[in-house]
Amino acid sequence: MQPDHTADLTRLLRERILILDGAMGTMIQQCRLSERDFRGGFHDHPGELAGDNDLLSLTQPSTVLSIHDAYFEAGADIVETNTFSATRIAQADYRMESEARAINEAAARIAREAADRWTARTPDRPRFVAGALGPTNRTASISPDVNDPGARNIRFDDLVAAYAEAIDGLIDGGADILLVETVFDTLNAKAGLFAIDDAFERRGARLPIIVSGTITDASGRTLSGQTPAAFWNSVRHVRPLAVGLNCALGAALMRPYIEELSRIADTFVSCYPNAGLPNPMSDTGYDESPEQTSRMIAEFARSGFVNIVGGCCGTTPAHIRAIADAVRDMAPRRLPSEAELAVA
């Protein structure tokens, strides 16, 4: 298990805005991999595996490593492991449930290799690995059947067990941070956070946690109906290193919600939006150029909203380089005082 870098990260976050990487899936799509590439040594596996991006940590590790290297070279301080859908719940779509733990451990080791190599190049600027825990493709709060509001296709205990398996793999692979991200259902996130706390108790050691929610539309709420304030108050008990928003709307439409979080959170704030809205005619599948995305994130930084910035769907190393350049000389968000929080 990696040392607890909470103190190091806290110091850095007070000094400057840290840069998170961009989209893994966007970069994988640009590699134009075949079914044979995805399959690797799983020759006899029934059904297709193309599209199982997380599996590439086992079957094409050099591809995943090159993407991490590209983001570090572009200016990222933190890269996420290639594990957004690496729970056995999500891997069931490809009948690869049995490989979930191995995928998480392999992905963390690949990211660890890249981070250690870049840290060795510039010891004054350490690089970090965030173990990514995605929301799964099931929701514990919302019925999948419009005719049966009480129906559920996943139980809380099943989510906890799936997250626990993934977390053990990420920790054993060398993650520095655990990132519960793209939270559209806070009950799912609570299952992940419960599993994290249990893993820390079992191991007698802790890692910093980042929790990142997703506002799904102009109503300003998550899919399960929470405002940014309600989301924060639902997860603040884990005392995360940072809380924030990612994915969904893109930076332009995200602004009022990241502003609200920055006003009420007594911890650091992260923000990594999509490159605008989906656009199938674009090379990346999204609207915004690096210049457009970085300009909006720079405005967040000037406004004092953020401590960690990066990109989600549709962003590339070019976007991350532009973001890093745009915020390089800007001060990080100052944590509000108790008096300021009392009137927030």
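Worth saying up front: this structure is predicted, and the values here are computed from it rather than measured.
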(request) Answer yes or no: is there an ion pair linking D172 with R203, defined by an N-O contact shorter than 4.0 Å? (result) yes

(message) side-chain contact (heavy atoms from CB on, under 4.5 Å) for E181 and I210? Distances and angles first, verdict last.
(response) CA-CA 8 Å; E181 66 170 342; I210 298 175; over 6 Å; no

(request) Would you mind reporting whether F200 and L178 have side-chain heavy atoms less than 4.5 Å apart? (result) yes

(request) Please confirm whether the backbone N or O of A86 pairs with a side-chain atom of N104, one donor and one acceptor, at under 3.5 Å? (result) yes

(message) Whether the side chain of D77 engages the backbone of L18 through a donor-acceptor N/O pair (distance < 3.5 Å, no angle test) should be reported.
(response) no

(message) Looking at D158 and R138, is any side-chain nitrogen of the basic one under 4.0 Å from a carboxylate oxygen of the acidic one?
(response) no

(message) Keeping Q91 on the side-chain end and S85 on the backbone end, is there a donor-acceptor pair under 3.5 Å?
(response) yes

(request) Tell me whether L9 is reachable from I308 by hopping between hydrophobic residues (I, L, V, M, F, W, Y) whose side-chain heavy atoms are closer than 4.5 Å. (result) yes

(message) Quick check: is M96 connected to Y163 through a chain of hydrophobic side chains (ILVMFWY, heavy atoms under 4.5 Å apart)?
(response) yes

(request) Please confirm whether the backbone N or O of S66 pairs with a side-chain atom of D69, one donor and one acceptor, at under 3.5 Å? (result) no

(message) I'd like to know if D325 and R321 make a salt bridge, using a cut-off of under 4.0 Å between side-chain N and carboxylate O.
(response) no

(message) As an exercise, state the distance from CZ of F305 to CD of E260, rounded to the nearest 0.5 Å.
(response) 11.5 Å

(request) May I ask you to decide if the ring planes of W118 and F72 are parallel, tilted or perpendicular, using 30° and 60° as cut-offs? (result) tilted

(message) Assigning hydrophobic clusters by single linkage (Ile, Leu, Val, Met, Phe, Trp, Tyr; side-chain heavy-atom cutoff under 4.5 Å), is L56 placed with V79?
(response) yes

(message) What's the separation between atom CE in M27 and atom CG in N53, rounded to the nearest 0.5 Å?
(response) 12.5 Å

(request) Report yes if some heavy atom in the side chain of V183 is under 4.5 Å from a heavy atom in the side chain of N188; otherwise report no. (result) no

(request) With rounding to the nearest 0.5 Å, note down the distance linking CE in M296 to CD in E291. (result) 11.5 Å

(request) For the residue pair V306 and R333, establish whether any side-chain heavy-atom pair is separated by less than 4.5 Å. (result) no

(message) Between T119 and D116, does the side-chain hydrogen bond (donor to acceptor under 3.5 Å, both in side chains) criterion hold? Intermediate values first, please.
(response) CA-CA 5 Å; T119 297; D116 288 347; 5.3 Å; no

(message) I'd like to check T139 versus I154 (side-chain heavy atoms, cut-off strictly below 4.5 Å). Are they in contact?
(response) no

(request) Verify, without hydrogens or angle tests, whether N274 (side chain) and A248 (backbone) share a donor-acceptor contact under 3.5 angstrom. (result) yes

(message) Test of understanding: with side-chain contact (heavy atoms from CB on, under 4.5 Å), list the residues that count as partners of N279, not counting sequence neighbours.
(response) M281, S282, D287

(message) Is there a salt bridge (charged side-chain N to carboxylate O under 4.0 Å, His left out) between R112 and D176? Walk through the geometry before answering.
(response) CA-CA 9 Å; R112 177 85 270 139; D176 299 300; 2.8 Å; yes

(message) Distance alone, cut at 3.5 Å: any donor-acceptor contact between the side chains of E259 and S303?
(response) no

(request) Output yes when a side-chain donor or acceptor of T222 lies under 3.5 Å from a complementary backbone atom of T214, and no otherwise. (result) no

(message) Would you say that I167 contacts L133 through its side chain, given a criterion of any heavy-atom pair below 4.5 Å between the two side chains?
(response) yes

(message) Assess whether a salt bridge exists between D185 and K190, defined as any Lys/Arg side-chain N lying under 4.0 Å from an Asp/Glu carboxylate O.
(response) no

(request) Kindly indicate whether the side chain of L20, heavy atoms from C-beta on, has any atom under 4.5 Å from the side chain of E80. (result) yes

(request) Measure from the side-chain N and O atoms of R39 to the backbone N and O of H45, and report whether any donor-acceptor pair falls under 3.5 Å. (result) yes

(message) Main chain of A23, side chain of T315: is a donor-acceptor contact present, judged purely on distance under 3.5 Å?
(response) yes

(request) For E35 and A50, indicate whether the former's side chain and the latter's backbone hold a donor-acceptor pair under 3.5 Å. (result) yes

(request) Evaluate the ring planes of F194 and F156, with Trp represented by its six-membered ring, and classify them as parallel (under 30°), tilted (30 to 60°) or perpendicular (over 60°). (result) perpendicular

(request) Side-chain contact test, heavy atoms from C-beta onward, threshold under 4.5 Å: evaluate it for R334 versus E340 and give yes or no. (result) yes

(request) State plainly whether one hydrophobic cluster holds both L12 and V129, where clusters connect Ile, Leu, Val, Met, Phe, Trp and Tyr through side-chain heavy atoms under 4.5 angstrom apart. (result) no

(message) Assess whether a salt bridge exists between R109 and E105, defined as any Lys/Arg side-chain N lying under 4.0 Å from an Asp/Glu carboxylate O.
(response) yes

(request) Start with the C-alpha gap between D197 and R206, add the side-chain angles, then the distance that decides, and say whether salt bridge (charged side-chain N to carboxylate O under 4.0 Å, His left out) holds. (result) CA-CA 8 Å; D197 191 58; R206 305 184 69 83; 3.6 Å; yes

(request) Decide yes or no for M1 and L207: does some side-chain heavy atom of the first lie under 4.5 Å from some side-chain heavy atom of the second? (result) yes

(request) Say whether, by atom type as modelled, one donor and one acceptor occur between the side chain of S294 and the main chain of A324 under 3.5 angstrom. (result) no

